[in-house]
*Asks:* 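Quick one: the structure is below, questions incoming.
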Amino acid sequence: MKTSDTEAEKAGENTAPESRPSNFIRDIILDDLKTNKFGGRVQTRFPPEPNGYLHIGHAKAICLDFGLADEFGGHTNLRFDDTNPEKEETEYVESIQADVKWLGFHWDGLFYASDYFDQLYEWAIKLIKDRKAYVDDLSADEIREYRGTLTEPGKDSPFRNRSAEENLDLFQRMKAGEFPDGSRVLRAKIDMASPNLNMRDPVMYRILHAEHHRTGNKWCIYPMYDFAHGQSDSIERVTHSMCTLEFEDHRLLYNWFIQQLGIFPSQQIEFDRLNLTHTLLSKRKLLQLVQEGRVSGWDDPRMPTLSGIRRRGYTPEAIRNFIASIGVSKTTGSIELAMLEHFVREDLNKRAPRVMAVLRPLKVVIDNYPEDQVEEMDAVNNPEDESAGSRKVPFSRVLYIEQDDFREVPPPKYYRLSPGREVRLRYGYFVTCASVVKNDKGEVVEVHCTYDPATRGGNAPDGRKVKATIHWVAASSAIDAEVRIYENLFLKENPSEVEEGQDVLDNLNPKSLEVIADAKLEPSLAKAIAGNRFQFERLGYFCVDPDSKPGKPVFNRTIALKDTWAKLERKQGGRA
Ligand code: ATP
Ligand code: MG
């Protein structure tokens, strides 16, 4: 059977990872190697905050961090940015590690920002002694008010000129737990009139009497991202610290702390974050979907999380090829979801064994086929991969076909089964529809056919042609299965586009999940286990879900066969 997958393949010809699109970060690294800026070293890190599951956007960061280091024989650490104990959990730490491994990457060091809390505290003391940091008693609201705006300078806090001794005393007492949450902060003393708002005396430490998933109750003050991230990079001697564009305005501060402390000068480089149409990529919003029960969990196959798309049947290779093809830049845009799907089809087309499954069964009886006869038909496992071999598929008198493959009154250009029409049953015989049986409501519930024994295997010795080949499953040996059909979680191209007074979640597609309870599968699928991927001929790619029970498998539709991306591309006359 030929599907548009062949077209997808053609369209993908130029997308092998070796034909890499330009990558300005690689250029920076090449330049640094030439000038020996870091002694010829390349070291990166992937720094997730363990406050949710990783999503496809993170895959871009992971591929860059690990991919570029690998390319230059460098090292990559996995470092959890765990400075916010209220939102962070061990479950997330574990899922993140599993997801990075699944994508195919291996970290050198495994670290936590909390490993460095003692060092960070000492560095804060140093900055206080150097009169570069002070304890401020203003409330959070007041600090915001005093900060000024993009057009107006901020003004100094009345506590800005405390003596180093007083600051030291107050900071130590903050650490000792003497003050309630929110009553004081430690701030860097930089410039309240700086055109960069991040330089207007940013907060370094806040008081938070919260138990930390690793340090327990040791600390009741926690460093802010800006005072933890660059220093952690520096401690690990990271050379190229990649992050998304929203941190561009933080770079000045990143460098300022490193300079004041006189520590290893890691270099921050910003790139555009991945946005996908019809997809929400924000851990906070994804958490809301989970907490409100809008999806079955972080790994719901409709979620853009790595655990969700893994369960759905996407492959790590497809994701890596997709990420390689989109490149990196300094301008934020949105990538068509269809492009990701194109890479999923392209990869599955190569590796997924073909099987026959009927999602919405219609009974077919072949009147002239011997009652108790069962024939084992030869079926090709993968036309794209000769080494996949073939298998036997039982054929018998009573079969199921798709309801869609029969029309009592065929519309124009409909060539599948209809009264008097002859079609090919794939790997089977030519059959001709003789009559139908209807229920009380007048619906066709059974189709009667005759077969031509001379057409075994699917060809007529007299050379006559049929215009359609349809798939089928023999009733006596069929496996009953549940099949879950997924559509986009969001219909809108940009899910964040909401009417006044509405929430992103109001944009949810109410029909994103359809459960088919009584699909019929060919018996070879009895051996399938969770995670196995198949192409159901003519329908799409499907993956065995972990909800499967012995004798009652559950399949997720990974993706249908139609490749809108390849079509779009052809229309546009080249790659977008
Ligand atoms: P979210 O906005 O989804 O909550 P985040 O940026 O807060 O994500 P982190 O755990 O801080 O999540 O991210 C870890 C790394 O992944 C960071 O370097 C971040 O820049 C990067 N990253 C996050 N989202 C994307 C994205 N959509 N595209 C590319 N990189 C991303
Ligand atoms: Mg973050």
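Whatever order the structure lists ligands and atoms in, that order sets their numbers, starting from 1.
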*Asks:* Using distance alone, determine whether K60 and ligand 1 share an N or O pair under 3.5 Å.
*Replies:*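 So ligand 1 has no N or O lying under 3.5 Å from an N or O of K60.
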*Asks:* Would you tell me which option among P304, A61, S241 has the nearest heavy-atom contact to atom 21 (C) of ligand 1?
*Replies:*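 Nearest option to atom 21 (C) of ligand 1, by heavy atoms: A61.
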*Asks:* Output yes when D272 and K60 qualify as a salt bridge under the 4.0 Å nitrogen-oxygen rule, no when they do not.
*Replies:*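 So D272 pairs with K60 through a salt bridge.
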*Asks:* Is the closest N or O pair between H58 and ligand 1 shorter than 3.5 Å?
*Replies:*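 The answer is yes, given that H58 and ligand 1 share an N or O pair closer than 3.5 Å.
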*Asks:* Only heavy atoms of F271, strictly under 4.0 Å: list the atoms of ligand 1 that pass.
*Replies:*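 Those qualifying, in numeric order: 29 (C), 30 (N).
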*Asks:* Does any N or O of ligand 1 fall below 3.5 Å from an N or O anywhere on G57, backbone included?
*Replies:*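 Min N/O separation from ligand 1 is below 3.5 Å for G57.
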*Asks:* Looking only at heavy atoms, what is the nearest atom pair of V498 and Q502, with distance?
*Replies:*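 Closest pair (atom of V498, atom of Q502, distance): CG2-O, 3.7 Å.
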*Asks:* Check D503 with K285, please: is the shortest side-chain N to carboxylate O separation under 4.0 Å?
*Replies:*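 Looking at K285 and D503, the cut-off is met.
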*Asks:* Report yes if some N/O of T244 lies less than 3.5 Å from some N/O of ligand 1; otherwise report no.
*Replies:*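 Yes; at least one N/O pair falls below 3.5 Å.
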*Asks:* Between H55 and ligand 1, does any nitrogen or oxygen pair lie at a separation below 3.5 Å?
*Replies:*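 N/O-N/O distance below 3.5 Å exists for this pair.
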*Asks:* Donor-acceptor check, side chain of R273 to backbone of T244, threshold 3.5 angstrom: yes or no?
*Replies:*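 No; judged by distance alone, with no hydrogens or angles, the pair does not exist.
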*Asks:* If I apply the N/O under 3.5 Å rule, does L274 come out as touching ligand 1?
*Replies:*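 Yes - when backbone and side-chain N and O of L274 are compared with those of ligand 1, one distance drops under 3.5 Å.
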*Asks:* Numbering the atoms of ligand 1 from 1, which are under 4.0 Å from a heavy atom of E49?
*Replies:*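 Every atom of ligand 1 under 4.0 Å from some heavy atom of E49: 9 (P), 10 (O).
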*Asks:* Any luck finding a side-chain donor-acceptor pair between T76 and D65 under 3.5 Å?
*Replies:*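 Judged by distance alone, the side chains do not pair up.
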*Asks:* If we ignore hydrogens and angles and just use 3.5 Å, is the side chain of R45 paired with the main-chain N or O of M242 as donor and acceptor?
*Replies:*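 Answer holds: yes.
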*Asks:* Any donor-acceptor pair under 3.5 Å linking the side chain of R311 with the backbone of D545?
*Replies:*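 No, R311 side chain to D545 backbone: no donor-acceptor pair under 3.5 Å.
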*Asks:* Kindly confirm or rule out an N or O of R284 lying under 3.5 angstrom from an N or O of ligand 1.
*Replies:*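 No.
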